[in-house]
Asker: 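Have a look at this one.
Only heavy atoms go into these numbers, but all of them, side chains included; no hydrogens, no water, no symmetry mates. By convention in this document, chain letters (A, B, ...) are assigned in the order of the sequence lines, proteins followed by strands, and residues within each chain are numbered from 1. Bear in mind the structure is a predicted one, so any value in this text is a computation, not a measurement.
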Number of protein chains: 2
Amino acid sequence: MVSRAEREEDSSHVQSNRIMKKAFASEPSGQPVSSSAGIAEGLARAIHEHRLAPGTKLGEDDIGDVYGVSRTVVRAALQELAHDKLVDIRRHRGAFVAQPSIREAREVFEARALLEPRTARSAAERARAADVALLRAHIEAEHRALDDRDIGAALRLSGLFHVEISKIADQHIIARFIEGLIAQSSLIIALYWQRASALCEQHAHHALLEAIAANDGARAEELMQSHLIDVLSALDLRDRPVHDVSLKEVLLGRD
Amino acid sequence: MVSRAEREEDSSHVQSNRIMKKAFASEPSGQPVSSSAGIAEGLARAIHEHRLAPGTKLGEDDIGDVYGVSRTVVRAALQELAHDKLVDIRRHRGAFVAQPSIREAREVFEARALLEPRTARSAAERARAADVALLRAHIEAEHRALDDRDIGAALRLSGLFHVEISKIADQHIIARFIEGLIAQSSLIIALYWQRASALCEQHAHHALLEAIAANDGARAEELMQSHLIDVLSALDLRDRPVHDVSLKEVLLGRD
DNA sequence: AGGCGAGAAATTGTATACAAAATCCAGTCT
DNA sequence: AGACTGGATTTTGTATACAATTTCTCGCCT
C-alpha cells in the first residue's frame with residue numbers, strides 16, 4: 001500500500017491530475033478554501049468560466065489533492081453540484097462536468113423565459129439608487145474583463161448580471177432558481193454556442209440597466225425577453241445524433 | 001468504547017431514537033431501503049405526511065439505526081434534503097426539519113403563483129387521455145386517504161397532484177422547481193395552517209381535472225391561480241414573534 | 001435557590017481503512 | 001491484426017476511527 005504523499009509524486013499517474021491543477025492554477029485564491037461549500041463554489045466557478053469543459057472527469061482524489069482535503073469533503077461538494085445539475089454522478093463511475101442534452105438546453109431557456117422577464121420587471125419597479133450602482137459596476141467589470149481578453153471572467157460576469165437583477169427583485173427563491181438556470185446556461189453555451197462574438201450582450205445589458213434605472217418595469221420585461229431570445233438564437237440546438245463524448249460511450253456499449 | 005449494537009440496547013439514550021422509530025413505524029417499506037437517495041426520499045415522505053414535525057432533530061445515528069446504514073450514507077441524504085430546504089443543517093449542531101419563516105412562506109407561495117398557473121395551462125393544452133386518467137386515479141386515491149382518516153397520506157397526495165400536473169406540462173425543469181416548492185409548502189402548512197378542514201381542496205382539484213380533461217388551458221390557469229390564493233388564505237402568515245416549537249426548545253433546551 | 005463553570009458525554013466533522021465495482025492492460029486465441 | 005479474457009490497478013462506495021465542538025451534568029459558590 002502506498003501513501004497518498006508518495007502517490008502524488010509518482011510521475012506516472014499525474015495525467016488527469018494535471019487537468020484539475022491547470023484549471024485551478026489561476027484561481028483567485030484569497031485564502032485557502034477547504035469547506036465543502038467552498039470547493040463546490042470553486043468548481044462551479046471553473047465550470048462557469050469554461051476552465052472545466054463539459055464531460056471532464058472530476059476524480060475525487062484529484063480534487064482532494066488540489067484543495068488539500070480528503071475525499072469525504074470533495075464528495076459532499078460534488079453531490080451538491082450534482083444537485084444543481086452542473087455535475088453528473090454515475091454510480092461507481094465517478095463525477096463528470098455535466099453535458100446538458102439539446103432537450104435539456106431548450107428546457108433551461110424555456111424556464112428562463114418564464115422567470116426572467118417578470119423578474120426583471122419587478123426588479124425595475126423596486127430598484128433603488130444603490131441597486132443601479134451595483135449593476136453599473138457590474139457592467140464595467142464585464143467590460144474590463146473583455147478588454148483583458150479574459151473570456152472566462154466575462155462569461156461568468158455576464159451570467160452574474162442576470163443573477164444580480166433577480167436579487168434586486170427581492171424574491172430569494174426565484175433568484176435561486178435563476179442562479180441555477182444561469183449556471184446551466186454556461187454549460188449550454190460551452191456545448192452549443194455557434195456565433196463567434198459574445199459582444200452582442202454588452203448592448204443588451206446596457207439597455208436593461210437603463211430601463212431598470214428608469215424604473216420602467218414594462219420595458220425591462222420586454223428587453224429581458226428579447227435578450228433571452230437573442231442568446232437562444234445564438235445557440236445551435238438542432239437535433240443531431242449525439243455529442244462526441246457520449247457518442248463514443250454509446251458505440252463502445254456503455255452509457 | 002461501546003459498540004453501536006450495545007448502545008442500541010442501552011435503555012438510557014433511546015429517547016430521541018424513539019421519535020424516528022415512531023415516525024417510520026408505519027413506513028410502506030416494500031423492500032429495505034439503504035441508498036442515500038432512498039433515505040432522503042423516506043425522510044421527505046415523512047416530512048410531507050407530517051410524521052416529522054418542523055424543528056425535529058434528525059440525529060445521524062438515529063436515522064442510521066432506523067435504516068441500518070452508517071452515518072456516511074445518512075449524511076449524504078441529509079445534505080440533499082438541506083439543499084431542498086426541507087432540512088436545516090447547523091454546523092456542529094446537526095440537522096433539523098426546517099421551519100420556514102413567514103417571509104420564506106410568502107416567497108414560496110409567490111413562486112408557486114408565478115409558476116403553477118402557467119404550467120397548469122400548458123398541462124391542459126397538452127393533456128392526453130392517459131394523463132387525465134392518471135390525475136383521476138390520483139384524486140380517487142386522495143379521496144380514499146381521506147375516507148381512511150389518513151391525514152398524512154391525504155396531505156402528500158394533495159401535493160403530488162400539483163406535481164403530477166406540472167409533469168404533464170412536460171417541462172422537467174419547471175416540474176422540479178414546483179416539486180420543491182410543494183415539499184416546502186408541506187412544512188408551511190404544518191407551521192401556519194389555521195383552518196380545520198382540508199376538504200376545500202377536493203373541489204378545487206376536481207375542477208382543475210375537468211378543465212384539463214377538456215383541454216381548456218385558460219380555465220386551468222385561472223383555476224390554479226384561485227386555488228393557490230385559497231390555500232394561501234388558509235394560512236396565518238401575519239408577523240408574530242416566534243413559533244411554539246422553537247420556543248419550547250429554547251425554554252426547555254430539548255424537544 | 002439560582003447562576004456558573006469544569007469536566008463528562010454525546011454529536012458532528014473529517015480522515016482513513018476496507019470492500020466492491022469499473023477500468024486498464026497484457027497475453028491468448030481465432 | 002483484432003477481439004477476448006482474466007488478473008492487476010484504479011476508483012468509487014461505505015464503514016469506522018479519531019478530532020473538534022457542542023451539550024449535558026453536577027458540584028460549587030454567592
Side-chain angles (χ1 to χ4, degrees), chain A residues 1-8 10-17 19-20 32-40 56-65 67-80 82 87-96 245 248-249 251-255, chain B residues 1-8 10-17 19-20 32-40 56-65 67-82 87-96 249-255:
Chain A
M1 176 65 60
V2 199
S3 85
R4 190 169 61 171
E6 289 176 80
R7 277 230 316 280
E8 274 178 39
D10 183 344
S11 62
S12 63
H13 303 121
V14 190
Q15 198 65 8
S16 64
N17 213 319
I19 297 176
M20 290 297 307
V33 190
S34 66
S35 74
S36 155
I39 292 172
T56 306
K57 164 100 198 237
L58 301 173
E60 299 180 353
D61 276 326
D62 298 339
I63 299 173
D65 289 347
Y67 286 100
V69 295
S70 79
R71 287 172 47 218
T72 309
V73 183
V74 173
R75 230 145 190 284
L78 288 174
Q79 277 162 7
E80 187 181 329
V87 152
D88 194 22
I89 294 179
R90 274 125 77 190
R91 189 173 168 88
H92 285 287
R93 296 247 161 82
F96 303 80
V245 181
K248 215 198 286 183
E249 281 185 319
L251 293 181
L252 295 178
R254 309 240 170 222
D255 184 278
Chain B
M1 173 69 59
V2 199
S3 84
R4 190 171 58 173
E6 288 176 79
R7 276 231 316 282
E8 273 180 39
D10 183 345
S11 63
S12 63
H13 302 122
V14 188
Q15 198 66 4
S16 63
N17 212 319
I19 298 175
M20 289 299 305
V33 188
S34 67
S35 74
S36 155
I39 292 172
T56 306
K57 166 102 196 235
L58 300 172
E60 299 180 352
D61 276 327
D62 298 339
I63 299 174
D65 289 348
Y67 285 99
V69 295
S70 79
R71 287 173 48 220
T72 309
V73 182
V74 173
R75 234 150 186 281
L78 288 174
Q79 278 161 7
E80 187 181 328
L81 293 173
V87 153
D88 195 21
I89 294 180
R90 274 124 76 189
R91 189 172 169 88
H92 285 279
R93 296 251 158 80
F96 302 80
E249 272 187 322
V250 168
L251 294 182
L252 299 177
R254 253 304 164 189
D255 179 273

Asker: Quick one: list whatever passes salt bridge (charged side-chain N to carboxylate O under 4.0 Å, His left out) with A:Glu60, sequence neighbours left out.
Answerer: A:Arg71, A:Arg75
Asker: Can you name the nearest heavy-atom pair linking B:Tyr67 to B:Val33, along with the distance?
Answerer: CD2-O, 3.8 Å
Asker: Step by step, work out the side-chain contact (heavy atoms from CB on, under 4.5 Å) result for A:Leu78 and A:Ile63.
Answerer: CA-CA 10 Å; A:Leu78 288 174; A:Ile63 299 173; 4.0 Å; yes
Asker: Quick one: B:Leu78 CG to C:dT11 P, roughly how many Å, whole number?
Answerer: 14 Å
Asker: Consider the side chain of A:Asp61, meaning its heavy atoms from C-beta on, and name the nucleotide among C:dT14, D:dT12, D:dT21 that approaches it most closely.
Answerer: D:dT12
Asker: Quickly work out the A:Asp62 CG to D:dT10 C1' distance and round it to whole Å.
Answerer: 11 Å
Asker: When the distance from OH of A:Tyr67 to P of C:dT14 is rounded to whole Å, what number comes out?
Answerer: 15 Å
Asker: Quick one: which of D:dT23, D:dT16, C:dT11 gets closest to the side chain of B:Arg93?
Answerer: D:dT23
Asker: Quick one: on DNA chain C, does A:Ser36 or A:Arg91 contact a more 5' nucleotide (nearest heavy atom)?
Answerer: A:Ser36
Asker: Between C:dA17, C:dT11, D:dA15, which one does the side chain of A:Arg71 approach most closely?
Answerer: C:dA17
Asker: Separation of A:Ile89 atom CD1 from D:dT12 atom C1', in whole Å?
Answerer: 11 Å
Asker: Please tell me which of A:Lys57 and A:Thr72 maps to the more 5' nucleotide of DNA chain D, matching each residue to the nucleotide holding its nearest heavy atom.
Answerer: A:Lys57
Asker: Taking all non-hydrogen atoms of both residues into account, name the closest pair between B:Ser34 and B:Ile39 and its distance.
Answerer: O-CD1, 4.1 Å
Asker: Choosing from C:dT12, D:dT14, C:dA15, which nucleotide comes nearest the side chain of B:Glu60?
Answerer: C:dT12
Asker: On DNA chain C, check which nucleotide each of A:His92 and A:Ser34 is closest to and give me the residue with the more 5' one.
Answerer: A:Ser34
Asker: B:Val73 has a side chain; which of D:dA15, C:dA15, D:dT12 sits nearest to it?
Answerer: D:dA15
